Enquirer: 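Quick one: the structure is below, and I'll ask about it shortly.
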Amino acid sequence: MIGILLGFVPAALSLVSGNTISVNGTEISGWTGVWVVTFACGLGGFLFGAIWALVFRAIALASGR
């Protein structure tokens with residue numbers, strides 16, 4: 001949820017100020033750019049959380065509870 005918020009707020013503010021969003025050198029304008037950045041940050045946050053969940057589960061299994 002935080003990743004989605006961290007992607008949406010700056011991208012929306014960038015759109016409101018009249019800037020375009022550049023992803024790998026490709027210019028994405030309008031709300032499409034906002035949602036691309038929001039999706040990318042949300043996916044990154046999800047993957048970050050999933051990896052840490054696996055790490056903590058491995059530590060719990062290794063410690064024998």
Side-chain angles (χ1 to χ4, degrees):
M1 188 66 162
I2 292 173
I4 292 172
L5 199 63
L6 286 176
F8 181 78
V9 172
L13 291 174
S14 176
L15 175 68
V16 170
S17 68
N19 296 327
T20 58
I21 297 170
S22 177
V23 178
N24 291 333
T26 303
E27 182 179 308
I28 303 173
S29 61
W31 284 103
T32 304
V34 172
W35 291 114
V36 165
V37 172
T38 301
F39 175 74
C41 289
L43 182 64
F46 173 77
L47 292 175
F48 181 81
I51 289 169
W52 277 107
L54 290 173
V55 168
F56 287 134
R57 180 180 166 112
I59 290 171
L61 290 174
S63 69
R65 298 181 199 192

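Everything quoted here is computed from the prediction, not taken from an experiment. Position 1 is the first residue of the sequence, and the numbers go up from there.
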Enquirer: Where do Asn19 and Ser17 come nearest, in terms of heavy atoms and distance?
Expert: ND2-OG, 3.1 Å

Enquirer: Taking all non-hydrogen atoms of both residues into account, name the closest pair between Ser14 and Ile21 and its distance.
Expert: OG-CG1, 4.3 Å

Enquirer: What about Phe46 and Phe39, same hydrophobic cluster or not, with Ile/Leu/Val/Met/Phe/Trp/Tyr joined at side-chain heavy-atom distances under 4.5 Å?
Expert: yes

Enquirer: With rounding to the nearest 0.5 Å, note down the distance linking CD1 in Ile4 to CG in Leu43.
Expert: 10.0 Å

Enquirer: Would a hydrophobic clustering, with Ile, Leu, Val, Met, Phe, Trp and Tyr connected at side-chain separations under 4.5 Å, put Leu15 with Phe8?
Expert: yes

Enquirer: Would you say the rings of Trp52 and Phe56 are close, in the sense that their centroids are separated by under 6.0 Å?
Expert: yes

